[in-house]
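To start, the structure itself, in structure tokens.
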Amino acid sequence: MDESKDLPSMEQQRSTSHLSGGNAAYVEDLYEAYLKDPNDVPQQWREYFDRLPKVESTTHAVRDLPHSVLRAQFARISKMRVRTEATRSQDSQATEYERKQVRVVQMISAYRQRGHQKAQLDPLALHPRAPVPDLELEFHELSEADLDTVFQVGSLYIGKADATLAEIRAAVEKTYCNTIGAEFMHIVNTDERHWIMSRMESVRSAPVLDRESRIQILRRLIKAEGLEKSLASKYPGTKRFGLEGGESLIPMMAEAIQRSGGYGAKEVCIGMAHRGRLNVLVNILGKNPSELFDEFEGRASYFGSGDVKYHQGFSSNIMTPGGEVHLALAFNPSHLEIVSPVIEGSVRARQDRRKDTTGDAVVPIVIHGDASFAGQGVVMETFQMSQTRGYKTGGTLHIVINNQVGFTTSRQEDARSTEYCTDIAKMVQAPIFHVNGDDPEAVVFATQLAVDFRNQFKKDVVIDLVCYRRRGHNEADEPSVTQPMMYATIKGHASTRDLYAQRLITEDVLTKDEDDALMERYRESLDRGEPMVAQLVMEPNTGLFVDWKPFIGHSWDIECDTTVALSRLRELAEGMGQVPEGFAVQRQVKKLIEDRNKMAAGALEVNWGFAENMAYATLLAEGYPVRMTGQDVGRGTFSHRHAVLHAQNKHHAHVPLQHLSEDQAEFNIYDSLLSEEAVLAFEYGYATTAPTGLVIWEAQFGDFANGAQVVIDQFITSGEYKWARLCGLTMLLPHGYEGQGPEHSSARLERYLQLSAQENIQVCVPSTPAQVFHMLRRQAIRPLRKPLIVMSPKSLLRHKAAVSTMDELATGQFQNVIDDPHVADKSAVTRVVLCSGKVFYDLDAARDEKGSEHVALVRIEQLYPLPEAQLKEVLSNYPREANVVWCQEEPMNQGAWYSIQDPLRRLVSLSMFGAELRYIGRTASASVSAGYMALHVKEQDAFISAALG
């Protein structure tokens, strides 16, 4: 079909205003399609657009500037006044004035797109900015002779429809090329782009502030600089990662929190690395300076091992225009940026607790360093999570303290491949506001923009605070060794506070004496050791945050009842077996549901998937919320869980565990994005803020957790001892040697055992469905909040021997040690094989085949904390002359052997005369396992035979 036949002539369109009014958006879409590919639009439209002015250039062309701001221009073309003496006939082409009008609109668009490249962002002015041809009049075939000509301003928000070219250029120069450089034209959403345009263009560089607002900014700069000077004089040369050079962060943070509170936020969660952290603690969160001084002088008390000052977290309540707000600064390690997803998880937990689905009540603020923001992969992962169902938090305010150097790396060609350190944020179309740190009023305005954008659109937004570090990477560092030119400039550069004070004095906002008085007042307050935040609430509303007191001080072996009445189990199982009317279930899934119904009735033995789902069902019925995430958790990587059912006749999913009863707790299950590091960090943050339920992360294969080792090392296994942060996170890590090669055999059990100390975590290897049922219930029901690491099975999910009964679910408990149920006469046993996990079933099958009735197989289901008393009791039932061996399927240098051999030897020597514990298993290996099935079987046959003697 020839679309052009349906189009009126161009003249008819002009005469009937088809280029304006309701058709403007249609014309805009056509024009943008034309810019991408002229052949995508009908011929007559293509001919019309071809007549628009072209620019001959070796570097840029009009087609490099796709934009939507022509909408207003097209809407007015038919009404445009002719400002020249020449007239044209109705069928003539556009006049020279009309062509210039279009060029003016294109120039405005160029400033919106590339004005940031001309903005004065660097306080040190070390690197002259390259010319931007797109911003020159000549590029748009305009000249100085056109400056007095009046043009339509199109969608330029300057308060009037017409202005001279000189006025237009001055407006866009002041808006986009001053001390704020805005990047937002990469955003696809038209409303978001125009919102930013209207906010920036209506006030040019920044709104005019009243005297009190400007004095308030100065006070905050005085606090920022004053604390650093005080610490420098009291503790010279001591590491503190001071904020000197970036003092504008303090008025920025204060504005962000007060403005968020004004929008109704009840909690603000902050994550940041080292630089400026002590300043934020004192001048934003209200930590008493005397407490900080005690830490410097070694007088502070601490729990466990403690941590350095610039890793410490803190919380407080402050008053805002919208009421009391709880502030929480997260603890963090030195692994830069890893705290970012932790904050997001903590925020999501708080939002879920408040039923805050929009992100209005809890706001995340994450402060980054420029080098780490550009260099750390977890930044990308965190951005990728920002709008997904399971991880979104209603938008995050990202602040980059841009020192323009990472440790000693300052040359851009070494630090990154992008123009800005913030370019990664464009992947989620976040607006980016670059701002010169030496213009605190612009900093405050950029902060207002960012907070308002987040509140309006519930999306991430970035502020790039371009500043410098006055004292090098840390106070013990000599920066001129690697950055001599930069630090020669810094040495002669006045501080942000001094520059702003002089500006206010010059503009008659205050006098020199008043400035001196403000500084003296701050010094006196600091010397008195009183809180530096006037808005600090001294008797905070405790209802704004979670009370962790019930979960403190419990031993790992605290008893709890995980039994459930058999009738209740069957009632819940019946509810799980129901699907909505008209819901077409896939054939294999239908068979699975039928089998589970038989298991509930006692007609079939209970398998792993049924027992696991029943654990969740009983917890939900008892009021314990469950959150589960990971790759493919809905179905389960090995198709055992099927907690989410997918209709075969429509796009619809049914989650039976969400429909057990009206008063049940929440069950949330999400297939995660293909990320381990950020997702596991998110779930850790979630679990540290949600103590009342069960939070689970499942690796698709156990070794996938390797990519999240920083989270495991720095948070999960050490967070309690370093920071007194409790966490009940459960990690399900599929583990087992099935002859499938080295990549997915091992969940690296040895790593978790090596990290085990001081009862910091629990490491379990359940071997039956009943065990996983009681283990999961125990984790939620007992008040102990320790991370639970589970070596989860693969082949055992369907192993004919790995089954349980409904009675075992109803009446049992998690057994830390399982004695051999198949040994009738223990006095006849000459060999006791201690083992854990899947290898028990391999040993048991081989024992039956060989008739080795003299061998007993004892399973240790909890490897840490090792249940020594229970194991000793089990061993005491066997003859003291029996040989005792430890058997594992992992190589000798992996698995549990090296970590548990000493306590096992001690227990064996106490229980049996002359017995010496021996290792049996694969020899030490650089690889996790064999890559060939034949070699795998050969190795397994050998150590199984050796174990049985």
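For the pairing with F433, the side chain to side chain contact (heavy atoms under 4.5 Å, CB included) check across I196, V462, T447 returns one residue only, I196. Checking each of R112, R193, K174 against E201 for a salt bridge (charged side-chain N to carboxylate O under 4.0 Å, His left out) leaves exactly one that passes, namely R112. Remark: of the listed residues L329, N332, V378, N332 is the sole one forming a side chain to side chain contact (heavy atoms under 4.5 Å, CB included) with V339.
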Using the rule given for side chain to side chain contact (heavy atoms under 4.5 Å, CB included), can you reason through R353 versus E267, listing the C-alpha separation, both sets of side-chain angles and the distance that settles it, and then say yes or no? CA-CA 12 Å; R353 172 170 53 87; E267 296 185 77; 3.1 Å; yes
Evaluation steps, side chain to side chain donor-acceptor pair (under 3.5 Å), between Q351 and T393: CA-CA 8 Å; Q351 291 173 346; T393 55; 5.1 Å; no
Please lay out, stage by stage, how Q404 and D122 fare under the test side chain to side chain donor-acceptor pair (under 3.5 Å). CA-CA 9 Å; Q404 308 185 69; D122 182 5; 2.8 Å; yes
Determine, stepwise, if the pair S675 / Q384 fulfils side chain to side chain donor-acceptor pair (under 3.5 Å). CA-CA 9 Å; S675 156; Q384 195 64 271; over 6 Å; no
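Nearest heavy-atom pair, G115 versus L135, reported as atom, atom and distance to 0.1 Å: CA-CD1, 4.0 Å. Between P321 and G262, the shortest heavy-atom distance links the atoms CB-CA, 4.3 Å. Across all their heavy atoms, Q152 and Y97 have their closest contact at N-OH, 4.4 Å.
By the salt bridge (Lys or Arg N to Asp or Glu O under 4.0 Å) test, D671 is found to be paired with no residue, residues two or more places apart in sequence or in another chain being considered. The side chain to side chain donor-acceptor pair (under 3.5 Å) test applied to T320 returns no partner, not counting sequence neighbours. Residues that satisfy the side chain to side chain donor-acceptor pair (under 3.5 Å) test with S672, not counting sequence neighbours, are absent from this structure. Scored by the side chain to side chain donor-acceptor pair (under 3.5 Å) test, E676 finds Q631 as partners (sequence neighbours excluded). In this structure D352 satisfies the salt bridge (Lys or Arg N to Asp or Glu O under 4.0 Å) test together with R348, sequence neighbours excluded. With sequence neighbours excluded, the residues forming a ring-ring contact (aromatic ring centres under 6.0 Å, His included) with Y391 are F682, listed by chain and number. Scored by the side-chain contact (heavy atoms from CB on, under 4.5 Å) test, V644 finds H646, A653, V655, I669 as partners (sequence neighbours excluded). For H434, the side-chain contact (heavy atoms from CB on, under 4.5 Å) partners two or more places apart in sequence, or in a different chain, are L121, E183, Y420, T422, I432, D464. By the salt bridge (Lys or Arg N to Asp or Glu O under 4.0 Å) test, R169 is found to be paired with E144, residues two or more places apart in sequence or in another chain being considered. Judged as a side chain to side chain donor-acceptor pair (under 3.5 Å), and not counting sequence neighbours, E677 has no contacts.
Here the side chain of R416 pairs a donor or acceptor atom with the backbone of E419 at under 3.5 angstrom. A distance-only check finds no donor-acceptor pair linking the side chain of R627 to the backbone of E666 [under 3.5 Å].
Applying the salt bridge (charged side-chain N to carboxylate O under 4.0 Å, His left out) rule to pairs touching residues 358-380 yields D360-K458, sequence neighbours excluded. Screening residues 428-439 for salt bridge (charged side-chain N to carboxylate O under 4.0 Å, His left out), with sequence neighbours left out, gives D439-R503.
One distance of note links CD1 of I424 with CZ of F373; it measures 8.0 Å at 0.5 Å rounding. Atoms OG and CD, on S386 and E381 in that order, are 13.0 Å from each other to the nearest 0.5 Å.
Between H398 and F383, the two ring planes are tilted [angle within 30° to 60°].
Residues L397 and V363 form no side-chain contact, since every pair of their non-hydrogen atoms from C-beta on lies 4.5 Å or further apart.
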